[in-house]
Amino acid sequence: MLGWGTPASAHAGGLVATDARSRVVSLTPPVPGLSVTAVEGGAKLRLVNGTGVAVTAAGTTVAPGDSLTWAEPLSSPAGRRATGDWSLTVDAGGTPVTVRGVFDWTAPPPFLPWWALTLLLAVAVPLLCRRVHRADLVLAGIGLGAMAASLAHVIGSSLAVTSAPFAGTFVNATGINLLAWPLIAGGFVAVVRGKPAGLLAVCAGAALTAVFVLPDVTAFHRSVLPFAGPAVLERLLVVVALGGGAGAAVAGAAVLRTLAARQEAA
């Protein structure tokens, strides 16, 4: 887990963390009104046909005035760790047009500090809960924080997808959080109202949150992240969701035993 992360785990829209971005640099020969651009870091290409003739790309005919967005393996930076170039050909009314692009490589960040922060948070939560009187409230608050970080992570990942509607992308990217978030939110309200059973829901939801975000630790190992915001923010969100969620799940059993003992004593 602490080794060099692979880009196999997909974010919203199937995007992955990489060490490069792809961009289109030229169309040869240039055709007035025809444009091809790289979107979503180069995972997809977008062709806009502003010419008066049909254009064929990726086996699809694009009529004048229409556009086409498609996943192009040649331009995808997934798995690439060096600079380089790529090219493909589209047909504009019988004229072959060569689309040329390049990969811009960026050095990955040091990953050990991010792992250290995650482990520190996961260990600190149970220790903190042993030292406070209302550990149930503290633990519920930590679970809520992990939920907020997970929600922000999913929103940012969904906003990075420009080739599909946000609503559908967000729902698809939410995954198991459709269960985890209501558990945490409902459990938090129950804990505030003095119901110990709410803590069980918070801990269960926190555990699911940690499991959900675990594949996204590739953010610690990659420089270009599929996230609509600063890469540092995305890494912090993963730290809080994973470390806080795991810590809350571990601390839950001890806090529940303490609450049970207090009820028996009362």
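Just so it is clear, the structure is predicted and the values come from calculations on it, not from any experiment.
By the 30° and 60° cut-offs, the orientation of the rings of Trp115 relative to Phe220 is perpendicular. Note: Trp86 and Phe103 have tilted aromatic rings, judged against thresholds of 30 and 60 degrees for the angle between ring planes.
Closest non-hydrogen pair, Ala43 versus Leu15, comes out as CB-CD2, 3.8 Å. For the residue pair Gly94 and Pro96, the shortest heavy atom distance occurs at O-CD, 3.5 Å. What you find for Ala210 and Ala246 is that their closest heavy atoms are CB-N, 3.7 Å. Closest of all the heavy-atom pairs between Leu139 and Cys203 is CD2-SG, 3.8 Å.
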Next on the checklist: I'd like to know whether Asp85 forms a salt bridge (Lys or Arg N to Asp or Glu O under 4.0 Å) with Arg100, so could you lay out the CA-CA distance, the side-chain angles of the two residues, the decisive distance to 0.1 Å, and finally the verdict.
Outcome noted: CA-CA 7 Å; Asp85 54 21; Arg100 290 187 173 86; over 6 Å; no
Next on the checklist: Pair Asp66, Asn49 - check side-chain contact (heavy atoms from CB on, under 4.5 Å), show working.
Outcome noted: CA-CA 6 Å; Asp66 289 345; Asn49 184 6; 5.7 Å; no
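Between Val24 and Val99 there is a side-chain heavy-atom pair separated by less than 4.5 Å. Here the side chains of Trp114 and Val232 are in contact, with some heavy-atom distance below 4.5 Å. Residues Leu117 and Arg235 form no side-chain contact, since every pair of their non-hydrogen atoms from C-beta on lies 4.5 Å or further apart. Looking at Val161 and Phe170, their side chains never come closer than 4.5 Å, going by heavy atoms from C-beta outward. Inter-residue side-chain proximity for Asp104 and Thr106 is flagged as unmet; no heavy-atom pair is nearer than 4.5 Å. The side-chain heavy atoms of Leu47 and Val62, taken from C-beta on, include a pair separated by under 4.5 Å.
Take Ala249 and apply the side chain to side chain contact (heavy atoms under 4.5 Å, CB included) test, not counting sequence neighbours, and it matches Ala207.
Put simply, the side chain of Glu234 never gets that close to the backbone of Gly229: no donor and acceptor are under 3.5 Å apart. Judged by distance alone, with hydrogens and angles left aside, the side-chain atoms of Asp19 form a donor-acceptor pair with the main-chain N or O of Ser223 at under 3.5 Å. Judged by distance alone, with hydrogens and angles left aside, the side-chain atoms of Ser76 form no donor-acceptor pair with the main-chain N or O of Glu72 at under 3.5 Å.
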Side-chain donor/acceptor pairs under 3.5 Å, residues 177-188, sequence neighbours excluded:
from, atom 1, to, atom 2, distance (Å)
Asn177, OD1, Trp181, NE1, 3.4
Asn177, ND2, Ser150, OG, 3.2
Asn177, ND2, Thr174, O, 3.4
Trp181, NE1, Ser150, OG, 3.4

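Rounding to the nearest 0.5 angstrom, the gap separating the CG atom in Leu45 from the CG atom in Leu74 is 8.5 Å.
Side chain to side chain, Thr18 and Arg222 fail the donor-acceptor criterion of an N or O pair below 3.5 Å.
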